[in-house]
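FYI, the numbering just counts along the sequence from 1.
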Amino acid sequence: MIIGIIGSGAMGAGIAQVVATAGHTVRLLDQNAEALQRAGSALQASLTRLAEKGKLTTEAAAATFARLHLTQDVSAFGDCGLVLEAIVEDLAVKQQLFREVEMLVSDTCILASNTSSLSIASIAAACRKPERFIGIHFFNPAPIMQLVEVIPAVQTRAGLAEEVRDLVQSWGKLPVLTKDTPGFIVNRVARPFYGEAIRILEEGIADLATIDWAMTELGGFRMGPFALMDFIGHDVNYRVTESVFASFFYDPRFKPSFTQKRLFEAGYYGRKSGRGFYSYAQGAVPPEPNRDKTLGRAVLHRILAMLINEAVDALALNVASREDLELAMTKGVNYPKGLLAWADELGPATVLKTLDDLYAEYHEDRYRASPLLRRLVRTNQLFLQHEPAAAPR
């Protein structure tokens, strides 16, 4: 199958490398000649590094690069079996793009978007044949990150999601199927990792260094929420939070924070700008955490309860299967374990008590427990295991 990729930025070029490495001829399109040239140079350098590290032979690297064809001409997609866009997150722009692309490709060509935050149904609605449209969401950097979310729209024909899942798997990736809901799996379930950490900071319960320490040293996460937000960039992370909040009809569980909004407004995006929650100026000394384990565990369990509740609610609403929810969080955002497994380990009753205590304190809907969590506690069940749940601790 010949595959067309639209957009030669980091994500588009990364996806192009993945599919070319898997043996496909790739047409990588960008209207910007300089951007296309940069992408070509970056792809060649990336493949050369892989050959130097012994992850590809020199011959395989050369063959992969030979399968990559850079173009500014959208008519080059006439013989493609799949066309995937990875351009700006703007619904109107994506819709117009697919109106044009659809006129040039065959009737059997699959059309796909790499969007992380827009409705697949809304993009598909611009197409003459929306039944061949689907979401294929890679994570950055695409050649390294294993997870890919496959998202059928309400218009997508029966069986296409499974076909695309098998295709993505043949590329050496780990695909998960998810409903076309805001944030899909990862960007939905992960929101409390950031939002509840900021809430704890705003309330003065713990400072940012202590919260990051608790999540990494006690929780086993690779990065704490503040370090991670700075790494992602507040121009990206805040906008995703804002988008998910609006898309969920302003459900308070996804409410953005003014603390992060002010950083975004000030241009303090994190590492990329030299300042975010932390300072990245030359010689800046990172703040020391309070290593009180009692405080740290309280922080960890509060954020964990919120994350688990979001995963449970996604399961309750059939956003994805148990297996795909666990895979998404361990391979998409590198959590130390799946959230449903973590719920079983802590005990669903313990998680429910944490949420109910928070709700009793704040009377805010952000702390409402999923009905599925209550049901499992009432029937003394676990999410993944079959033995009875442990008593609350």
Which donor-acceptor pairs under 3.5 Å do the side chains of residues 78-87 make with protein atoms, sequence neighbours left out?
residue, atom, partner, partner atom, Å
D79, OD1, R27, NE, 3.4
D79, OD1, R27, NH2, 3.3
D79, OD2, R27, NH2, 2.7
E85, OE1, I87, N, 2.9
E85, OE1, K94, NZ, 2.9
E85, OE2, K94, NZ, 2.8
E85, OE2, S113, OG, 2.4

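- In this structure, R239 places its CZ atom where only 12 or fewer heavy-atom neighbours from other residues, nucleotides or ligands lie under 6.0 Å away.
- With no hydrogens or angles considered, no side-chain donor-acceptor pair links D357 and T354 at under 3.5 Å.
- Inspection of the D73 and T71 side chains reveals no N or O donor paired with an N or O acceptor under 3.5 Å.
- Y238 is listed as a side-chain neighbour of E242, based on a closest heavy-atom distance under 4.5 Å.
- For the residue pair R67/T64, the side-chain donor-acceptor check at 3.5 Å is satisfied.
- Open room surrounds CD on E34; 12 or fewer heavy atoms of other groups in view lie less than 6.0 Å from it.
- With S116 as the fixed residue, the side-chain contact (heavy atoms from CB on, under 4.5 Å) test singles out one of E149, E89, M11: E89.
- Scanning all heavy atoms of the two residues, the minimum distance from A369 to D356 falls at CB-OD1, 4.4 Å.
- In terms of heavy-atom proximity, V189 sits nearest to A314 at CG2-CB, 4.4 Å.
- Stacking of R262 on the aromatic ring of Y268 is not recorded, the 6.0 Å distance cut-off and the 45° axial limit not both being met.
- In this structure, a donor-acceptor pair under 3.5 Å is absent between the side chains of E131 and T156.
- Between S46 and Q17, the closest side-chain pair of non-hydrogen atoms falls below 4.5 Å.
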Quick one: side chains of residues 224-237, donor-acceptor pairs under 3.5 Å with protein atoms, not counting sequence neighbours, listed by atom name and distance.
residue, atom, partner, partner atom, Å
D230, OD1, H234, NE2, 2.7
D230, OD1, F277, N, 2.9
D230, OD2, F277, N, 3.2
D230, OD2, Y278, N, 3.0
D230, OD2, Y280, OH, 2.8
H234, ND1, Q260, NE2, 3.0
D235, OD1, K272, NZ, 3.1
D235, OD2, K272, NZ, 3.2
N237, OD1, Q260, NE2, 2.9

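- Residue-environment remark: NZ (K129) exceeds the threshold of 12 foreign heavy atoms within 6.0 Å.
- Side-chain atoms of S257 and T259 include no donor-acceptor pair closer than 3.5 Å.
- Listed here is the closest heavy atom pair of I185 and A328: CG2-CB, 3.5 Å.
- Nearest heavy-atom pair across R302 and R199 is NH2-CG, 3.6 Å.
- Heavy atoms from other residues, nucleotides or ligands lying under 6.0 Å from CZ of R222 number 12 at most.
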